[in-house]
Novice: 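Take a look at the following structure, please.
Lettering follows sequence order; numbering is per chain, from 1. Keep in mind that the numbers below use all heavy atoms, side chains included, and drop hydrogens, waters and symmetry copies.
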Amino acid sequence: VSAAGRRLRAIARRLCQPQTIEQVIDPVLADARFEFEDAIRQRRVWRACRLWLAGHLAILKVVAILAAARAAEAAHVPTPRERHALLDTLAIGTVMATASIVVLALVPLFNVIEPLHVDSARLLLLLVPQAIPIGLPVGLTFGVLLGVGRSGVTWRVRAFIFIFALVLSLVSLTLLGQVVPRANQAFRVALLGRDVPKGLNELSLPELHQLRRPNSAPRSGLSLPSDGDSVALAYHTRLALASTPVVVTLLALSWIGRRPRSVLMLAVGGAITLFGYYLSMSGARTLAQQHTLSAAAAAWTPNAMAIIVAVALVATDVRCWVRDSSTIDGR
Amino acid sequence: MVSRKELLILELLVHSEELYGLQLVAASQGRLKRGTVYVTLGRMEQKGYIASTLENAPPNAGGLPRRIYTATALGRRMWRTWTSGATRLVPAVAK
């Protein structure tokens, strides 16, 4: 068996039962070797090379099929308790996200126009996209904490929630990259009743990226700050904001750990988490505007801090688990 | 329930008595792929439709021995049931 074949067999051994290795992996390897050696005996070098490649691809395919079967088995949610926790997370998260989005869209609306303005419904709709990337992390944080934090969380539930947060981050990225800038510009035009030059918040992510290039040509019809740092800050802030659903989910999951906690404690914890996160975001932004921090560092600092805290919490949880296990073993 | 691939493998084994995995791929004329045939063979062995033995390799041969597959009595009966005219005429029999 070739070195590559041995490596693939070693991977398969981690994924499968010994019986599966015997029945599925070993026959592939044996047949591929036999076919290859037969071609060599006949001095058909090109055929041997082709068979060597086909044999290894076949092994790879078998390992991939077995890995997919194993993943599907692991992803299955069998316990009613886990299903219940996930549904609770979804329900609480949806309610909290919707409430946050409505509030975040209404506040700027009341600041700029009379509440009973004839176009207020349309303007409110145009303000909704910019509220979603902030509403989603709020919903996720409270959804995770109150949905699964009361009963303790299993690794399978963690994986489901993390994948869901990843999808929401992609939604957020699409919104911040394309939808929010267009909605912002439409809001400004609708409010003033005339064409308005675009500012930084009205440029799409690719447009911001293009502006960051050192030799980018100046574009007409834009109202932009003269320094390049503001453009870089806007660009990095959008990317960092898009990753917020994943970051706050990691933080929330690491905090709840395996032990159940009271609702009050979880709600207060969620509020503190979000307040701290957005406060650090605002603080870092101020430091960047004062040129104390670089734009990239300012935009990503809150996420980096949150991940460090999450890792520390997980490490503590694991230490407790190891200590508890050794205590039980010692009895 | 027997899949189309499983039926094909049973058909080949019923007619040829015993075959290696790659011989099955060659005999199927492209209907079986070398990347998936072993997974199907493993599943069929677990169901009891086929049995396998390791070849008696010469003493100086290195590497893993090849696996030879044969249809079991259950596999032969299953193949006959599925391919008989009665099964085609009365689908309920097949279930």
Novice: Looking only at side-chain N and O atoms, does B:Tyr38 offer a donor or acceptor that is under 3.5 Å from a partner on A:Gln23?
Specialist: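 The criterion, which ignores hydrogens and geometry beyond distance, is not satisfied for B:Tyr38 and A:Gln23.
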Novice: Could you tell me whether B:Glu17 and B:Arg76 have a side-chain N and a carboxylate O separated by less than 4.0 Å?
Specialist: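 Between B:Arg76 and B:Glu17 there is a salt bridge, with a charged N closer than 4.0 Å to a carboxylate O.
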Novice: Please determine, among A:Leu60, A:Leu66, A:Ile65, the option with the most heavy-atom pairs under 4.5 Å with chain B.
Specialist: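 The answer is A:Ile65.
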Novice: If I measure from the heavy atoms of chain B, does A:Glu35 come under 4.5 Å with its side chain, its backbone, both, or neither?
Specialist: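 For A:Glu35, the side chain is the part near chain B, not the backbone.
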Novice: Go through the atoms of B:Leu41 and report whether side chain, backbone, both or neither lie under 4.5 Å from a heavy atom of chain A.
Specialist: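 Looking at B:Leu41, nothing touches chain A.
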Novice: Below 4.5 Å, heavy-atom pairs only: which of A:Val62, A:Val28, A:Asp26 has the largest tally toward chain B?
Specialist: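 Among the listed options, the one with the most contacts to chain B is A:Val28.
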Novice: Is there a donor-acceptor contact under 3.5 Å from the side chain of B:Glu55 to the main chain of B:Arg66?
Specialist: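 Judged by distance alone, yes, a pair lies under 3.5 Å.
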Novice: Counting heavy-atom pairs under 4.5 Å to chain B, which of A:Ile25, A:Asp31, A:Leu57 comes out on top?
Specialist: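 Of the options given, most contacts go to A:Asp31.
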Novice: Please classify the contact of A:Ala54 with chain B as side chain, backbone, both or neither, using a heavy-atom distance under 4.5 Å.
Specialist: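 Contact with chain B is through both the backbone and side chain of A:Ala54.
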Novice: Does A:Phe164, at its CZ atom, have more than 12 non-hydrogen atoms belonging to other residues, nucleotides or ligands within less than 6.0 Å?
Specialist: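 At most 12 heavy atoms, drawn from other residues, nucleotides or ligands, come within 6.0 Å of this atom.
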Novice: Could you tell me which of A:Val24, A:Thr20, A:Ile59 has the largest number of non-hydrogen atom pairs under 4.5 Å with chain B?
Specialist: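 Highest number of heavy-atom pairs under 4.5 Å: A:Val24.
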Novice: Can B:Leu32 and B:Leu12 be said to form a side chain to side chain contact (heavy atoms under 4.5 Å, CB included), step by step?
Specialist: CA-CA 11 Å; B:Leu32 293 172; B:Leu12 294 170; 4.2 Å; yes
Novice: Please determine whether a side-chain nitrogen of the Lys or Arg among B:Glu11 and B:Arg4 lies less than 4.0 Å from a carboxylate oxygen of the Asp or Glu.
Specialist: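 No, this pair does not count.
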